[in-house]
Protein chains: 4
Amino acid sequence: MEQNQNENREKLIACAKQEFLEKGFAKASLRKISGDAGLTTGAVYFFFHDKEGLFGAIVDEPLSRIMQVLQTHFAEDAEEDLRSYQHQNGDHDAFAEQLITAMYADYDALIILLHHAGGSRYEGITERMIDMLDAYYKQLAARYAALFTGKRVNRYMLHWFSHVQINAFVHLLEHEPDSEKALEKIKPVMDCLIEGWVKYILEDDRPAG
Amino acid sequence: MEQNQNENREKLIACAKQEFLEKGFAKASLRKISGDAGLTTGAVYFFFHDKEGLFGAIVDEPLSRIMQVLQTHFAEDAEEDLRSYQHQNGDHDAFAEQLITAMYADYDALIILLHHAGGSRYEGITERMIDMLDAYYKQLAARYAALFTGKRVNRYMLHWFSHVQINAFVHLLEHEPDSEKALEKIKPVMDCLIEGWVKYILEDDRPAG
Amino acid sequence: MEQNQNENREKLIACAKQEFLEKGFAKASLRKISGDAGLTTGAVYFFFHDKEGLFGAIVDEPLSRIMQVLQTHFAEDAEEDLRSYQHQNGDHDAFAEQLITAMYADYDALIILLHHAGGSRYEGITERMIDMLDAYYKQLAARYAALFTGKRVNRYMLHWFSHVQINAFVHLLEHEPDSEKALEKIKPVMDCLIEGWVKYILEDDRPAG
Amino acid sequence: MEQNQNENREKLIACAKQEFLEKGFAKASLRKISGDAGLTTGAVYFFFHDKEGLFGAIVDEPLSRIMQVLQTHFAEDAEEDLRSYQHQNGDHDAFAEQLITAMYADYDALIILLHHAGGSRYEGITERMIDMLDAYYKQLAARYAALFTGKRVNRYMLHWFSHVQINAFVHLLEHEPDSEKALEKIKPVMDCLIEGWVKYILEDDRPAG
DNA sequence: GATGAATGAGTGTTCATTCAT
DNA sequence: AATGAATGAACACTCATTCAT
């Protein structure tokens with residue numbers, strides 16, 4: 001009865017998505033989920049071991065798809081010519097497109113991961129992504145600063161740009177459910193951020209007060 | 001024993017801050033809070049009527065201080081000369097300073113309000129602030145667009161800027177506990193945002209695809 | 001400040017009547033009562049010692065007024081000529097009038113006593129009255145039975161008549177708030193009951209199955 | 001272990017009957033009930049969903065048995081020849097027998113329903129039955145009044161007879177636990193009530209003062 | 001004469017989890 | 001593969017009552 005097994009597994013996942021969207025991880029009720037699926041809580045424990053396992057079954061794949069895109073981007077980008085950073089629109093566009101594709105592949109799951117993970121092990125995932133981006137930018141910015149004398153990296157601005165960049169995509173996801181329109185909308189945002197990054201990431205190299 | 005009365009009330013508030021910071025509104029336990037304060041749950045109900053009342057006792061004053069600053073800012077700003085918007089640094093600095101002062105007056109309370117209000121009536125307060133700012137920017141941007149022909153407001157960018165601006169302060173609060181340093185750090189952020197706003201808030205007035 | 005004392009005492013009693021009427025003794029809240037009176041629970045304890053004391057302050061006087069009427073009636077009636085029991089309308093009318101006057105002197109209090117005493121020491125007061133009446137009728141019926149041969153008292157009917165008679169007045173109180181109209185309405189009820197009593201209180205004196 | 005399942009369910013119901021009899025619905029403690037049954041409160045929620053569900057499990061079936069008898073009686077009786085109403089003893093006896101059978105099928109449950117339902121959705125069930133009977137008698141009495149000139153229905157007496165009739169059975173249940181003896185005891189009561197109804201339900205058709 | 005503070009025991013209810021079957 | 005039964009700990013909240021002041 002392989003079909004039946006998967007059917008019930010999928011039914012549980014579908015109902016769980018609904019419930020997690022409505023109540024968030026912590027307040028979601030396994031009884032409600034399994035009841036909606038025509039099953040009992042025991043079924044959840046059979047398929048997913050526990051509540052977090054069920055959450056992971058929804059959220060793990062979308063998450064790793066995104067992590068993949070980010071890491072690939074970091075690897076490629078490392079070799080860029082920084083003097084023309086801002087003008088390599090093609091690269092940035094390709095990155096944005098890949099990220100958006102990854103994000104919109106399972107829309108609900110990503111909304112759940114980013115906004116309804118409170119209480120689960122995935123809580124704070126956005127911050128962890130920001131930290132990854134921050135680490136990458138730190139090294140990029142160091143190379144950038146080396147091109148100028150009398151300039152140094154503004155650590156706070158660096159982190160803030162990572163924050164804003166990640167959240168630009170999160171914000172997009174929330175406000176534009178259609179992935180093609182999302183791609184259009186993110187363009188000026190990306191342009192604005194790149195321009196800002198280039199201009200504001202460095203500060204005069206005077207001793208801090 | 002007036003002292004004693006206030007002592008216990010304040011003790012409850014102090015322990016509640018701790019608990020709300022750790023667990024958030026929804027998962028915070030009144031028994032833990034009152035136990036930590038050396039009292040019983042009944043004491044909470046005597047002083048604050050219920051869980052939300054206790055939360056409000058922590059969070060209401062900081063919140064209204066901030067609302068005050070925002071509304072004052074909106075009122076003043078309405079008369080600005082838009083042609084020199086970007087260069088009126090004094091105004092923006094004053095606004096930032098007032099806002100930061102308001103925000104840092106009760107640091108923990110604001111962190112709780114912004115990040116640990118889930119389940120309370122204050123949930124989504126950041127979004128409500130963004131909507132306020134968005135409404136204000138909408139009208140400002142309309143006046144701005146009227147100065148140019150062939151340009152119109154990009155609604156998405158407008159909302160995104162509101163989002164980023166509010167979150168710039170939230171981000172600051174999270175990452176810089178010292179209010180004076182916070183004021184230094186927010187400056188380039190504000191500059192960057194104003195420059196971006198002026199440049200990216202309008203788009204070419206072609207019919208949308 | 002004697003005036004003030006009594007004022008507050010009366011205010012408490014008035015608010016307590018309201019609350020007992022709405023919720024009954026058990027579910028009534030002293031906090032609600034004293035709050036409505038502009039006082040605190042402590043005031044209740046000062047004036048009435050405890051919740052039952054407050055209830056008693058409302059209910060004791062009306063109760064003893066009624067007890068008085070009943071006992072007087074029992075005493076007088078003991079000497080009646082049973083052969084003309086049914087036709088002494090004047091006596092029955094006078095009794096009904098006295099009882100109704102006593103009952104309607106503090107309408108709300110009596111409603112509370114009879115219908116909202118659950119949980120208090122007064123719970124089952126109606127049954128206690130019925131038992132009093134039953135005891136009286138028992139002796140009356142014995143004398144009545146002695147007038148006939150081959151007849152004996154039907155104990156069950158005897159008790160049932162006591163029950164119905166008491167409840168006739170309770171029913172009246174519930175359904176007719178005006179004491180004059182009540183007196184009119186009770187007349188045919190009394191006639192019917194007396195007629196029934198005379199006819200059904202005795203049964204043939206055969207050994208019971 | 002089907003036995004075990006039902007065993008615990010039945011044990012809960014048995015202990016609940018005890019507790020409801022002693023304390024009434026409102027003051028009964030689920031913890032006491034489940035404790036007495038050797039279980040935890042959760043078991044109550046598994047079997048009965050909530051406190052009212054447990055109460056309903058005890059009381060619903062007896063109640064509907066009685067409602068059935070009443071409604072059947074109303075339907076049949078509607079065609080009676082009113083001129084001989086009083087003398088159709090067979091009909092009244094059959095009705096009384098059916099009602100008593102229904103009432104005594106689950107003695108404790110009915111006592112609980114009639115006397116210990118305060119706070120539950122069944123509170124006031126006796127009054128609702130009286131109103132049903134009253135509605136039925138209203139139409140019966142109208143047909144009866146049409147047989148006489150110069151007579152009209154006394155609304156108060158009509159309602160009072162409904163009240164007394166229903167309470168005759170309630171009283172019986174309270175005072176006679178044996179159903180066969182109950183049937184004997186109710187007979188003179190029924191006779192008395194029918195005789196009274198016929199004689200006192202109409203009054204002279206003079207304008208009311 | 002009355003308050004304000006606080007208690008302690010209690011309430012119904014919810015939940016993730018376990019486990020024999 | 002999944003159920004049905006049951007747990008145990010937790011929860012917010014209510015209440016009559018006490019008592020120093």
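- One atom, CZ of A:Phe46, and another, C1' of E:dT21, lie 15 Å apart when rounded to the nearest Å.
- In this structure, A:Asn8 does not reach the F:dA1 phosphate: none of its side-chain N or O atoms is under 4.0 Å from OP1 or OP2.
- The ring-ring contact (aromatic ring centres under 6.0 Å, His included) search around A:Phe48 returns none, not counting sequence neighbours.
- D:Leu12 has its CG atom 11 Å from the C1' atom of F:dA5, to the nearest Å.
- Remark: D:Arg128 engages no residue in a salt bridge (charged side-chain N to carboxylate O under 4.0 Å, His left out) (not counting sequence neighbours).
- Between the CD1 atom of B:Ile33 and the P atom of F:dC11 there is a distance of 10 Å, rounded to whole Å.
- Separating the NZ atom of B:Lys23 from the P atom of F:dA10 is a distance of 10 Å, rounded to the nearest angstrom.
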Contact state string [nucleotides 12-18 of chain E, B base, S sugar-phosphate only, - no protein heavy atom under 4.0 Å]: BBBBBBB
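- Side-chain atoms of D:Arg31 and D:Asp36, non-hydrogen and from C-beta on, never get closer than 4.5 Å to each other.
- In this entry the distance linking CD of C:Glu19 with P of F:dA16 reads 9 Å, nearest Å.
- Side-chain contact between B:Pro62 and B:Leu113 is absent, with no heavy atoms from C-beta onward closer than 4.5 Å.
- When rounded to the nearest whole Å, the span between CG of B:Asn6 and C1' of E:dA5 equals 12 Å.
- Inter-residue side-chain proximity for C:Ile66 and C:Met129 is flagged as met; some heavy-atom pair is nearer than 4.5 Å.
- Along DNA chain E, the nucleotide nearest to B:Ala43 and the one nearest to D:Lys32 differ in position, and the one closer to the 5' end is contacted by B:Ala43.
- Ion pairing of D:Glu7 with D:Lys11 is absent here, as no side-chain N (NZ or NE/NH1/NH2) approaches a carboxylate O to less than 4.0 Å.
- As the counterpart of E:dA20, F:dT3 is assigned, both hydrogen-bonding distances of the Watson-Crick or G-U wobble pattern falling under 3.5 Å.
- The partner of E:dG10, taking Watson-Crick or G-U wobble pairs whose two distances both stay under 3.5 Å, is F:dC13.
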